[in-house]
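Labels below follow one simple rule: chain letters A, B, ... track the order of the sequence lines, proteins then strands, and each chain is numbered from 1.
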Protein chains: 2
Amino acid sequence: MLGTPSRNRIAERREATRREILDAAWAVAREKGITALTLRDVAERVGMQTPSLYSHFESKNAIYDAMFGEAWAGCLEAMTAGIANAPEEPRAGLLHMMRTYFDYAVADQARNQLMNIRISADFEPSAEAYAPSIATYELGRQHLASIGVDSDADLDLCAALIGGLVDAQLANDPGGDRYARLLDGAVQMYADHVGL
Amino acid sequence: MLGTPSRNRIAERREATRREILDAAWAVAREKGITALTLRDVAERVGMQTPSLYSHFESKNAIYDAMFGEAWAGCLEAMTAGIANAPEEPRAGLLHMMRTYFDYAVADQARNQLMNIRISADFEPSAEAYAPSIATYELGRQHLASIGVDSDADLDLCAALIGGLVDAQLANDPGGDRYARLLDGAVQMYADHVGL
DNA sequence: GTCTATACTGTGATAGAC
DNA sequence: GTCTATCACAGTATAGAC
């Protein structure tokens with residue numbers, strides 16, 4: 001079968017093109033904001049005509065969906081590594097985990113907006129893209145349980161606290177550390193509250 | 001001057017039309033989401049043609065701007081009343097203030113999204129519309145100072161904490177009370193932390 | 001002054017040639 | 001798979017009737 005590309009080769013090329021499109025989408029989202037992302041801008045950056053994108057993604061929301069999945073997969077990876085390196089001592093371990101999440105979330109505004117869905121009303125992540133988000137939450141739940149914090153209420157409070165700090169940092173002091181500086185104190189406050 | 005409407009009457013009619021347009025905009029925003037608000041929907045609800053809106057607002061963002069101002073003016077009003085009715089005792093007073101804000105923010109998802117600007121990249125509130133937002137923040141700052149909490153860091157932490165609970169409530173349990181139930185404990189946690 | 005009618009630009013999306 | 005051509009509909013803006 002000389003001259004006939006193998007099935008693997010075709011699949012590889014297809015996957016590479018998808019990667020190019022997603023990289024372009026991330027670049028545009030960071031430059032212009034996630035809500036200002038347009039298929040024309042993405043296509044131009046890739047060197048395609050706009051309709052050609054539809055050969056690789058069935059809609060703009062499908063691109064958002066893939067980006068959503070990647071964002072949370074990256075978070076899951078960072079958290080897994082972070083927990084593996086966490087100190088044994090409960091309070092220090094908790095702080096380490098919280099800072100790992102905070103740093104990942106704050107590092108990319110567009111990505112964080114996507115992760116928490118402040119995009120468009122009609123975008124709903126698919127079950128597949130949502131999976132790493134659930135896994136990340138589960139990871140946090142298990143870590144808290146391992147240091148004796150096992151009530152749903154305390155887990156929810158932890159998530160709300162860290163989420164509030166992330167949002168405040170990105171909204172009121174993007175690129176700065178006004179809220180990052182509060183993280184240690186906030187974790188101590190939380191640890192005291194849950195009796196750690 | 002029979003049959004000639006007075007200047008006041010004209011101004012009243014104009015103001016009434018603006019009110020109708022804003023009410024329609026709020027209704028559409030609540031039904032379809034603040035980002036899905038379109039001038040066509042607003043005009044249809046008022047019984048106008050779309051371009052006629054431009055006789056009363058110079059752009060869509062001008063409508064957003066007026067809504068932004070109204071949202072924060074309402075918050076300022078609620079907070080002013082809340083603080084006037086707040087218990088003397090510091091912790092109870094703090095809880096009262098936090099709950100007043102939480103309840104106002106959680107009562108209307110579209111309004112809250114507007115207040116925290118998760119709308120479009122090009123919308124920036126005018127100084128006039130922003131004023132009640134600043135006044136509300138100042139009110140909170142003064143209340144905290146009155147009970148001995150006067151550091152910027154503690155104020156920021158308070159704002160981030162309540163904001164995180166509001167966002168979590170609206171995002172994860174809209175219409176429910178999963179995070180509303182955590183408010184008392186969260187305020188106790190914060191009060192302990194700042195040495196109240 | 002306010003409305004109706006209409007046109008312009010930019011967006012996501014589809015059809016069909018190659 | 002990619003392209004050209006085109007659609008439907010968004011926000012915006014102007015002209016002209018009343």
Side chains of A:Y179 and A:N172: donor-acceptor distance under 3.5 Å anywhere? yes
Rounded to whole Å, the NZ-P distance (A:K32 to C:dG10) equals 11 Å
With a 4.0 Å cut-off on heavy atoms, is B:R14 in touch with a base, just the backbone sugar-phosphate, or nothing at all? sugar-phosphate
Could you state the CG-P distance from B:D41 to D:dA10, rounded to the nearest angstrom? 7 Å
Could you work out which one of C:dT11, C:dT2, D:dT2 sits closest to the side chain of A:T38? C:dT11
Closest to the side chain of B:P51, out of C:dC3, D:dT4, D:dT14, is D:dT14
In whole Å, I'd like the distance from the CG atom of B:L39 to the P atom of D:dC9. 16 Å
Within the structure shown, what part of the strands sits under 4.0 Å from B:T17 by heavy-atom distance: base, sugar-phosphate, or nothing? nothing
Examine the base of D:dG11 for any acceptor or donor lying under 3.5 Å from a partner atom in the side chain of B:R40, and report the outcome as yes or no. yes
Considering only NZ, NE, NH1 and NH2 on the basic side and carboxylate oxygens on the acidic side, decide whether B:R91 and B:D192 come within less than 4.0 Å. yes
Check the distance between C:dG10's P and B:K60's NZ and give it to me in whole angstrom. 17 Å
Gap between atoms CD1 and C1', on B:I63 and D:dG11 respectively (whole Å): 11 Å
Which is true for B:L37 with a 4.0 Å heavy-atom rule: it touches a base, it touches only sugar-phosphate, or it touches nothing? sugar-phosphate
I want to confirm an ordering. Mapping B:Q49 and A:N61 to their closest nucleotides on DNA chain C, which one lands closer to the 5' end? B:Q49
Rounding to a whole Å, what distance do you find between B:E44:CD and D:dC9:P? 13 Å
Rounded interatomic separation in angstrom, taking OH from A:Y54 and P from C:dT11: 12 Å
Could you tell me whether A:R45 and A:D41 have a side-chain N and a carboxylate O separated by less than 4.0 Å? no
Side-chain H-bond candidate by donor/acceptor type, A:Q169 with A:R178, under 3.5 Å: no
When all nucleic acid strands are considered with a 4.0 Å heavy-atom cut-off, which category describes B:L53: base, sugar-phosphate, or nothing? nothing
Whole-Å distance, A:D122 CG to D:dA10 P, equals 13 Å
Cation-pi, A:F68 ring and A:R111 (6.0 angstrom, 45 degrees): no
